[in-house]
Structures are given as C-alpha cells and as structure tokens.
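The structure appears right after this line, and notes come after that.
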Amino acid sequence: MATNPPKLKVAVVDDERLQNLKNAFERQFGGSPLFYACAPGRVNLIGEHIDYCGFSVLPMAIEQNVFAAVSLNHSGTIQLANVNPLYNQITVSCSEEIVIDRANPKWYYYFLCGVKGIQEKFGITRLPGMSCVVDGNVPPSSGLSSSSALVCCAGLVTMEANQQSLSKVDLAEICAKCECYIGTEGGGMDQSISFLAEKGTAKLIEFEPLRPTDVRLPDGAMFVISNCCVEMNKAASSHFNIRVVECRIATKMLAQAKGLDQNGLLKLAQVPKEINASLEEMLALVDEVLHPEPYSQEEIFKVLGITSQQFSTELLTANTQHVTHFKLHQRAKHVYGEAARVLRFKSVCDCAPPDSIQLLGDLMNQSHVSCRDLYECSCPELDQLVDICLKSGAVGSRLTGAGWGGCAVSMVPSDKVPSFLQAVRKAYYLPDPRRAAMEKQSLFVSKPGGGAAIYLEK
Ligand code: GLA
C-alpha cells in the first residue's frame with residue numbers, strides 16, 4: 001500500500017538532544033528558539049563518484065545529523081554558535097554580501113552556503129537577523145556527509161526564517177548547487193538523500209530530473225559503518241576536483257571519438273544517451289578510445305582541438321590549474337562499471353533471490369576494488385580496514401563517500417554482527433591508542449534513517 005511521504009514540518013517530540021540544544025540556545029542568546037531544523041548525514045551503499053557524472057547512486061540516511069535551534073533577531077546579523085567548543089562563534093552582517101573564502105575553509109562556510117543558496121533562490125536582498133545554535137553529531141571528514149548535512153540544515157533554516165516554502169526536491173537541488181560555493185564540484189547525492197530519505201528504506205537517487213525510488217534492503221543483513229580514522233577534508237585538497245575534471249575530459253574525448261557535438265557535454269552519462277549505447281558498450285568504447293597511460297595537457301589540446309586557455313577555463317576548476325597529467329581510461333572505466341553495479345544492486349534488492357546477500361556483497365566488493373585501483377580514491381588504512389571487515393564476517397565491504405580516508409560500509413549477516421564488531425574492534429581499533437580512543441563513534445550499525453525536517457514546539 002502506498003504511504004504518503006513524510007512531511008517537512010513536524011511537532012517537537014520529547015527528545016533529550018533537542019532539550020539540550022534548547023538549553024544551549026537559551027544560555028547563548030537569552031530567549032527560546034522559534035523553531036528547529038535538522039538534516040541527516042548519509043552512507044552510500046554503492047555508486048561512488050558517479051553522481052557528478054550524471055549516474056544514479058544508492059545511499060541511505062544515517063541517524064546522525066545536524067540540528068539547529070533558531071530564532072529571529074533585530075540586530076541585522078546572523079549570529080551562529082556551535083555546541084561543540086572546537087567550532088568558534090561568528091556574526092555575519094545581513095546587509096553585506098555573504099563571502100565564502102574557498103582558500104581557507106571554515107566550519108561555518110557550509111552554513112553560509114545554505115543561507116546564500118536560499119537567498120539567491122528567492123532574490124532576498126536583505127536577510128532577516130537570525131540567532132542560531134548548531135549541534136552536529138555526524139563524524140566530521142569521515143565520508144558520512146557532515147558538511148552537506150550542515151548546508152542542508154542551513155538551507156532549511158533560511159527558508160523557514162524567511163517564511164518561504166519549497167519542496168524537498170527543490171531544496172535538495174538548491175543545496176547541491178550552493179555547496180559549490182565552497183569550491184567542491186560534488187554531485188547531488190548527499191543533499192538529495194538528506195532531504196528525500198525515509199526511515200526504513202535506502203533510495204536509488206536518479207538525477208536530471210532528480211528522482212528517489214525506495215530500495216528495500218534484504219532481511220537478514222545489517223550495514224555496519226567503520227571509520228578508518230584518517231580524516232579527509234575534500235574542500236581543503238584538490239583530489240576530489242581532479243577526479244571531476246578527469247571525468248569531464250574523458251567525456252570530451254569519447255564524444256570526440258564518436259563525432260558528437262561537444263557543446264554542453266561534460267558528464268560521462270551524456271555520451272551513452274547521445275549514442276544510445278549500453279554501459280557494457282561504453283566499457284568497450286573506453287578500451288578502444290582511451291589509453292591507460294596518463295594524458296598530458298598537450299595531448300588533450302591536440303585531440304580536442306582546444307587552446308590551453310579554453311582548457312583551463314572550460315574544463316579545469318580553480319584548484320586544479322596546476323595538474324599536468326590526467327588518467328582518463330581508468331576513471332571512465334570506474335564510472336561506467338560502477339553505474340552498472342548500482343543498477344544490478346537495485347535489481348537484486350527488487351527481485352530478492354535466495355542468494356541476495358551474497359550477490360550484493362560481491363557487488364560491494366567489486367566497487368571497492370574499482371575505487372581503489374581505477375579511481376584511486378582509497379588509502380592504505382581504508383584498504384586495511386576493508387580487508388579486516390571481510391575477514392571478520394562481512395559479506396561485502398567498501399569505502400563510502402569521497403574516500404581518501406573516512407569510512408567503510410560493510411554488509412554483515414545479522415546473526416554475525418556481534419562477533420563482527422568484536423573482531424574489527426580487536427584487529428583495527430584496539431592495537432592503536434588513537435583509534436581506540438575514537439572507537440565508540442567510529443564503529444556502529446546503521447539503519448536507514450529519516451530525512452531533513454523542521455520541528456516546531458507543540
Ligand atoms: C562526496 C560528494 C558526492 C559524491 C561522493 C562520492 O560526498 O559530495 O556528491 O560525489 O563524494 O561518491
């Protein structure tokens with residue numbers, strides 16, 4: 001039976017975390033909050049680094065989220081504090097343009113991205129003064145989308161504070177776009193699942209147009225998240241944008257080889273659409289057209305018939321201008337292969353054959369190998385953790401999120417979860433005091449959580 005999707009506005013439930021946030025707000029600003037907004041982090045089950053190429057991904061929201069308590073003020077400023085003392089308090093004037101310094105990312109820039117996105121959407125010339133206390137419990141720089149949860153929360157806060165109303169799909173699209181102010185050219189996965197998630201189900205997220213479809217995960221298995229404890233801040237390094245750029249160049253090369261009009265072609269998913277090819281055919285085309293040796297800039301200019309000026313303004317990003325060599329074959333192989341694995345994962349979940357868990361585990365394992373060897377977005381600690389997870393009873397295990405650190409997600413038969421947690425703890429966390437100290441928030445079972453919402457006092 002079809003059920004209605006959850007509402008964006010809900011009444012406050014009796015919740016300890018919310019009560020603590022309310023107390024923190026009152027200590028900070030005197031009065032009571034007018035409303036609360038919350039946006040969850042996510043774990044991507046499969047489909048890594050393909051959303052910005054236009055392909056579907058398969059994440060679920062996690063229980064950890066970013067909560068904000070908000071009231072309007074008459075000071076002509078946005079006053080922003082965080083319950084975590086590591087994050088400083090700031091005040092931003094509502095009469096000046098919001099400036100985000102990409103070269104020097106700070107925690108509150110993510111909040112300001114969300115504010116700016118809504119401001120631009122509605123053409124608000126002067127924002128109302130807002131006082132806001134934020135409480136986030138998504139582990140930072142761990143591939144669980146703590147930063148997008150903050151952007152989404154801020155977008156929701158700004159919409160409500162300006163008495164505007166938007167659909168969840170619109171909010172997801174605005175927040176995906178405005179996160180680019182921080183300089184990372186991500187796809188829309190994180191913001192989409194943060195808004196469109198529903199408790200109890202993972203989602204296949206398709207793009208252009210943005211469309212979520214429920215994916216029923218198999219009974220008899222649980223998803224366990226484990227952090228390798230290597231931090232990766234994608235806004236502070238160029239790894240992420242280099243991959244985005246490599247995929248754009250590969251798109252142009254494949255389009256060129258097929259005699260397509262290059263205008264408007266920047267995403268790998270556009271090529272099979274244009275030439276009506278399957279993903280398997282695209283994998284063969286990549287082998288035919290692209291060589292595994294890295295491409296120099298000169299070779300790219302020559303093949304595409306473009307100038308160095310065009311290359312640097314149309315294909316590179318601000319933080320990839322220094323890159324001289326690009327691995328196009330490996331990146332395109334990963335993207336088309338991973339896109340096919342997402343579709344297979346969804347179809348196994350839909351058909352639920354008796355060996356579902358094994359089939360899904362195999363797909364997750366193939367995804368990790370492809371991320372590690374072709375996309376080169378893992379790191380030695382993550383690879384070690386994935387190996388340990390497999391030896392400890394996981395049927396499938398893979399890095400999740402951007403990579404280069406952060407978390408692995410493992411699928412574990414439900415009856416093996418306690419022994420799995422024990423074994424991973426013993427092999428990965430306990431031998432290292434720093435990891436051991438982080439274990440509690442680094443190794444946990446995760447069930448599909450609900451999406452972003454505004455909470456009003458009863
Ligand atoms: C980050 C980006 C996402 C996605 C993942 C990798 O989380 O924000 O859009 O590209 O990396 O799958």
Side-chain angles (χ1 to χ4, degrees), residues 8-12 17-39 65-102 104-136 146-166 170-171 174-175 177-182 191 194-195 452-458:
L8 203 50
K9 272 193 196 178
V10 287
V12 167
R17 184 145 160 253
L18 228 128
Q19 190 55 50
N20 290 339
L21 180 59
K22 184 176 184 183
N23 296 342
F25 185 94
E26 286 169 355
R27 276 196 306 276
Q28 184 81 34
F29 295 117
S32 290
L34 184 62
F35 68 92
Y36 304 85
C38 149
N65 55 24
V66 172
F67 245 111
V70 191
S71 74
L72 297 180
N73 68 40
H74 299 289
S75 69
T77 59
I78 298 172
Q79 301 179 345
L80 185 60
N82 196 310
V83 293
N84 184 336
L86 280 180
Y87 302 116
N88 61 320
Q89 189 189 333
I90 59 126
T91 302
V92 178
S93 163
C94 293
S95 55
E96 284 161 30
E97 195 195 333
I98 292 175
V99 180
I100 291 155
D101 174 12
R102 295 171 173 208
N104 189 12
K106 303 253 182 1
W107 79 271
Y108 55 84
Y109 285 167
Y110 290 99
F111 192 91
L112 295 180
C113 281
V115 175
K116 207 171 155 74
I118 296 294
Q119 181 177 27
E120 282 173 2
K121 164 76 189 171
F122 292 106
I124 303 166
T125 38
R126 201 188 161 102
L127 291 159
M130 295 195 285
S131 306
C132 206
V133 179
V134 169
D135 173 26
S146 59
S147 33
S148 301
L150 184 52
V151 175
C152 294
C153 183
L156 208 46
V157 163
T158 313
M159 180 192 86
E160 183 67 8
N162 285 278
Q163 296 178 324
Q164 298 288 351
S165 156
L166 286 165
D170 286 344
L171 277 162
I174 293 167
C175 290
K177 255 221 237 110
C178 67
E179 194 169 328
C180 296
Y181 289 127
I182 203 94
Q191 302 81 1
S194 192
F195 282 108
I454 294 164
Y455 291 78
L456 301 170
E457 293 273 17
K458 266 198 257 191

Quiz prompt | pair Val115-Val92: side-chain heavy atoms closer than 4.5 Å | solution = no
Which atom pairs, donor and acceptor, lie under 3.5 Å between side-chain atoms of residues 74-83 and protein residues at least two apart or in another chain?
{"unit_1": "Ser75", "atom_1": "OG", "unit_2": "Asn73", "atom_2": "OD1", "d": "2.9"}
{"unit_1": "Ser75", "atom_1": "OG", "unit_2": "Thr77", "atom_2": "N", "d": "3.4"}
{"unit_1": "Ser75", "atom_1": "OG", "unit_2": "Thr77", "atom_2": "OG1", "d": "2.6"}
{"unit_1": "Asn82", "atom_1": "OD1", "unit_2": "Asn84", "atom_2": "N", "d": "2.9"}

Quiz item: Among all residues two or more places apart in sequence or in another chain, which pass the salt bridge (Lys or Arg N to Asp or Glu O under 4.0 Å) test with Arg17?
Solution: Asp135
Exercise. Might you confirm whether atom NZ of Lys177 has over 12 heavy atoms from other residues, nucleotides or ligands at distances under 6.0 Å?
Key: no
Quiz item: Side chains of Val99 and Asp101: closer than 4.5 Å at any heavy-atom pair?
Solution: no
Quiz item: Does a side chain donor of either Thr158 or Gln119 reach within less than 3.5 Å of an acceptor in the other side chain?
Solution: no
Quiz item: From Ile100 CD1 over to Tyr110 OH, what is the distance, rounded to the nearest 0.5 angstrom?
Solution: 10.5 Å
Self-check item: For the student: nearest non-hydrogen atoms of Pro128 and Cys94, plus distance
Solution: O-SG, 3.7 Å
Self-check item: Qualifying salt bridge (charged side-chain N to carboxylate O under 4.0 Å, His left out) pairs with a residue from residues 28-38, counting only residues at least two apart or across chains
Solution: none
Quiz item: Would a 4.5 Å heavy-atom cut-off, applied to side chains only, mark Tyr108 and Leu150 as touching?
Solution: no
Quiz item: What residues, two or more places apart in sequence or in another chain, satisfy salt bridge (Lys or Arg N to Asp or Glu O under 4.0 Å) together with Lys121?
Solution: none
Quiz item: Does the side chain of Cys152 come within less than 4.5 Å of Leu171's, by heavy atoms?
Solution: no
Quiz prompt | Nearest-0.5 Å distance that lies between atom CD1 in Ile118 and atom SG in Cys175 | solution = 5.5 Å
Self-check item: Evaluation steps, side-chain contact (heavy atoms from CB on, under 4.5 Å), between Leu166 and Phe122
Solution: CA-CA 11 Å; Leu166 286 165; Phe122 292 106; 3.7 Å; yes
Quiz item: Rounded to the nearest 0.5 Å, what separation is found between the CD atom of Glu179 and the OG atom of Ser147?
Solution: 5.0 Å
Quiz item: Atom CD1 in Ile174, atom CG in Leu156: separation rounded to 0.5 Å?
Solution: 11.0 Å
Quiz prompt | Validation row: Ile182, Arg102 side chains within 4.5 angstrom (heavy atoms) | solution = no
Quiz item: Can you tell if the side chain of Lys106 reaches within under 4.5 Å of the side chain of Ile90, non-hydrogen atoms only?
Solution: no
Quiz item: Where is the tightest heavy-atom contact between Cys113 and Cys178, given as atom of each residue plus distance?
Solution: O-SG, 3.2 Å
Quiz item: Does any pair with a residue in residues 87-100 pass salt bridge (charged side-chain N to carboxylate O under 4.0 Å, His left out), and if so which ones, sequence neighbours excluded?
Solution: Glu97-Lys116
Quiz item: Which atom names give the shortest non-hydrogen contact between Ala39 and Ser194, and what distance separates them?
Solution: CB-OG, 3.5 Å
Quiz item: Parallel, tilted or perpendicular: which describes the rings of Tyr455 and Phe67, with under 30° parallel and over 60° perpendicular?
Solution: tilted
Please output the side-chain donor-acceptor pairs of residues 24-35 that fall under 3.5 Å, not counting sequence neighbours, one pair per line with the distance.
{"unit_1": "Glu26", "atom_1": "OE2", "unit_2": "Ser32", "atom_2": "OG", "d": "3.0"}
{"unit_1": "Gln28", "atom_1": "NE2", "unit_2": "Gln89", "atom_2": "OE1", "d": "2.9"}

Exercise. Mind checking the CG-OG spacing from Leu8 to Ser165? Nearest 0.5 Å is all I need.
Key: 8.0 Å
